[in-house]
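Computed over heavy atoms, backbone and side chain alike; hydrogens, waters and symmetry mates excluded. Letters A, B, ... are given to chains in the order of the sequence lines, protein chains preceding strands, and every chain is numbered from 1.
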There are 2 protein chains.
Amino acid sequence: MNAVPGLAAPSAQLRSAAHVVLFPTLDRSRALPRAARPQISCNACALRGACISADFSAAEMGAFEELAQVKRRLRGAQHLYRTGEPAESLYVVRSGFMKSSVVTSDGREQVTRFHMMGDLTGLGAMAGQPHTTDAVALEDTEVCEIPFAALQRLTLRVPQLQHRLYCLMTQELQAQREALVLLGTMRAEERVAAFLLDLGQRYRTLGFSASRFVLRMSRADIGSYLGLRLETVSRLLSRFQVEGLLSVEGKSVHILDSEGLLALIGQS
Amino acid sequence: MNAVPGLAAPSAQLRSAAHVVLFPTLDRSRALPRAARPQISCNACALRGACISADFSAAEMGAFEELAQVKRRLRGAQHLYRTGEPAESLYVVRSGFMKSSVVTSDGREQVTRFHMMGDLTGLGAMAGQPHTTDAVALEDTEVCEIPFAALQRLTLRVPQLQHRLYCLMTQELQAQREALVLLGTMRAEERVAAFLLDLGQRYRTLGFSASRFVLRMSRADIGSYLGLRLETVSRLLSRFQVEGLLSVEGKSVHILDSEGLLALIGQS
DNA sequence: CGGTCTTTTGAACGCGGTCAACAGCCGTGG
DNA sequence: CCACGGCTGTTGACCGCGTTCAAAAGACCG
């Protein structure tokens, strides 16, 4: 897999989606020593619009940027945090791909959410309790770390931040409710179709193609998220392919008939 | 069903749980005209410990009480709010029983949560967006209405309220994550067992019996919540009964072997 | 190049859904 | 009082979806 951390993230996404390569030379950043990499400012960040600070003024951005200075880099399969660990920060995914999951006492794993660039993780621990999920990088990933305490202090100076945080928690609740509907009311083929369309939409809001993308997670992870066995996911992807709805090759997906997929889940 | 609204709520719960009757004469409140019922103060409320204001000082309680003056009473099957309606308040269930559910565009219903006394509903709309769920009373129910705007104003005077609100949203997230695990990883018998044990625990935290209670919702509602058909729920309740795990008669449940139920869901 | 992990595909089984009939319960009205 | 219709819950019989087990092919990595 050609995961490229940090600066090269947008081009990594584009390449893997068979798009134009914006900054081909940036691949050299892979070789850059950690400390030598230049610190990106929030203002210059490609994710400005998607971040917590989306609608901040220039002055507010400055204050926010101080909080978000710490970046953490993770290799694939590395944990960002684990259930039970004390929670002091929330994290914005700058590049790469993550999953959040709950592991039950008898060892069953339930993936609760996939996080792509611009997504937050760690919100569940905003109130100071220890983490109740695991967060794992599915490929090389970089996150901005934002300490809760400092963020709370900033709300005193930036009034609308409070509201923004409520919005973000609400979005999280909303997303989980949709996952509940998916698991509670849909059949396997509907779940897989809905999953692919949703993933496409999320890529679209980041400026990438909604119909052509790479599945960064394993079939087992998709299955866990959808409440299905990995074999079922694999079978359905194959079936969708012979039905002409999409084409799959390993992890790359090309949706050919999004109307058809929508029809599968009962929406015109 | 002997649903008793308003003041008689605690005794209604106790009676249905075959417990001591605290205020037997309060049953007469059923006949009281609406306007004549005395306004209960937050200080005297039986739910003090469970409410938003749990750890407020006397002065703070006074301020909070002003917000929560409006009560709304609902008959069974009546909506508190509907998807798409503007959201201005959150609600604390004072007595009775409610469900929150999402209805998909093709008419399928997913119950996302049951609310009993002391529970909140409407948190999902804290950030000012319209409601994304329906909230329906499953029996005669009374709720305290707490306007968001006034609550936000109060956070300026009561610093720990902000934190309390984050706690409540976090609890909501946590509850939904557990529902996800239930739907994603458990088999039908595990789901029903987990549901009954959870319901028992929630009654216990309110001071009622964890092993003897009344199901206020229909089998169809239980099924929707658990991602099962109502027939499956019914069959499993019957099977648990012949296995000696519990006894059911209509809506009353008596858990005889909670260890056995726990074992079913893979916990010793 | 061998070893490990992931993915695909096949074959068979069983859980839970579906359809249907019936019982119980309750409020309504004759 | 019973008759009635509507609604909820129970139970049976059957079937199909998704799981399970297994084998082999493919992808990745030292």
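- Atom pair A:Arg108:CZ and D:dT19:P shows a separation of 14 Å (rounding to whole Å applied).
- Here the closest heavy-atom approach between residue B:Gly76 and residue B:Asp140 is recorded as N-OD1, 3.1 Å.
- Using a 4.0 Å heavy-atom distance criterion, A:Gly227 is classed as a sugar-phosphate-only contact.
- If you take OG on B:Ser218 and NZ on B:Lys251, they are separated by 5.5 Å, rounding to the nearest 0.5 Å.
- If you find the closest nucleotide of DNA chain D to A:Met186 and to A:Glu249, the one lying nearer the 5' end belongs to A:Met186.
- A:Gln174 and B:Thr132 are linked by a side-chain donor-acceptor pair at a separation below 3.5 angstrom, with hydrogens and angles left out of the test.
- Rounded to an integer number of Å, the gap from A:Arg239 CZ to C:dG10 P is 14 Å.
- Within 3.5 Å, no donor on the side chain of B:Arg235 pairs with an acceptor on the base of C:dG17, nor the reverse.
- Distance, B:Glu189 CD to C:dG16 C1': 12 Å, rounded to whole Å.
- Judged as a ring pair (Phe, Tyr, Trp, His ring centres under 6.0 Å), not a single pair has a partner in residues 233-259 of chain A (not counting sequence neighbours).
- Contact annotation: B:Ser234 does not reach the phosphate of D:dG9 (side-chain N/O to OP1 or OP2, under 4.0 Å).
- Counting to the nearest Å, the P atom of C:dG14 and the CZ atom of A:Arg229 are 17 Å from each other.
- Closest to the A:Glu231 side chain, of the nucleotides C:dT9, C:dG16, D:dT11, is C:dT9.
- Nearest heavy-atom pair, A:Ser100 versus A:Thr121, reported as atom, atom and distance to 0.1 Å: OG-OG1, 3.6 Å.
- Look at CD on A:Gln241: it is 13 Å from C1' on C:dT7, rounded to the nearest Å.
- For the pair B:Leu230 CG and D:dC7 P, the computed distance is 15 Å after rounding to whole Å.
- Rounded to an integer number of Å, the gap from CE of A:Met217 to P of D:dA27 is 19 Å.
- Overall bending of the helix from C:dC1-D:dG30 to C:dC26-D:dG5, expressed as the angle between end axes built from five pairs apiece, is 40° (10° steps).
- One finds a side-chain N or O of A:Ser238 lying less than 4.0 angstrom from the OP1 or OP2 phosphate oxygen of C:dT9.
- In this structure, A:Leu228 reaches the sugar-phosphate backbone alone: every heavy-atom distance under 4.0 Å involves primed, P, OP1 or OP2 atoms, never a base.
- The side chain to side chain donor-acceptor pair (under 3.5 Å) analysis of residues 181-191 of chain B, with sequence neighbours excluded, yields the pairs A:Arg108-B:Glu190, B:Arg187-B:Glu189, B:Glu189-B:Arg239.
- Between A:Tyr81 and A:His131, the angle of the ring planes stays under 30°, which puts this pair in the parallel group of the 30/60° scheme.
- Counting only N and O atoms by type, the side chains of A:Asp134 and A:Thr83 include a donor and acceptor under 3.5 Å apart.
- Salt bridge absent: A:Arg113 and A:Asp119 never bring a charged side-chain N and a carboxylate O closer than 4.0 Å.
- Between the CZ atom of B:Arg191 and the P atom of C:dC15 there is a distance of 14 Å, given to the nearest Å.
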Nucleotides 3-6 of chain C: which of its N/O atoms have a protein N/O under 3.5 Å away?
none

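- Classification of A:Glu145 and A:Arg94 as a salt-bridged pair fails, no side-chain N sitting under 4.0 Å from a carboxylate O.
- The ring-ring contact (aromatic ring centres under 6.0 Å, His included) search around B:Phe195 returns B:Tyr225, not counting sequence neighbours.
- Side-chain contact of B:Ser95 with B:Glu142: a donor-acceptor pair under 3.5 Å is absent, judged by distance alone.
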Polar atom pairs between nucleotides 14-17 of chain D and protein, under 3.5 Å, N or O only, would you list them?
none

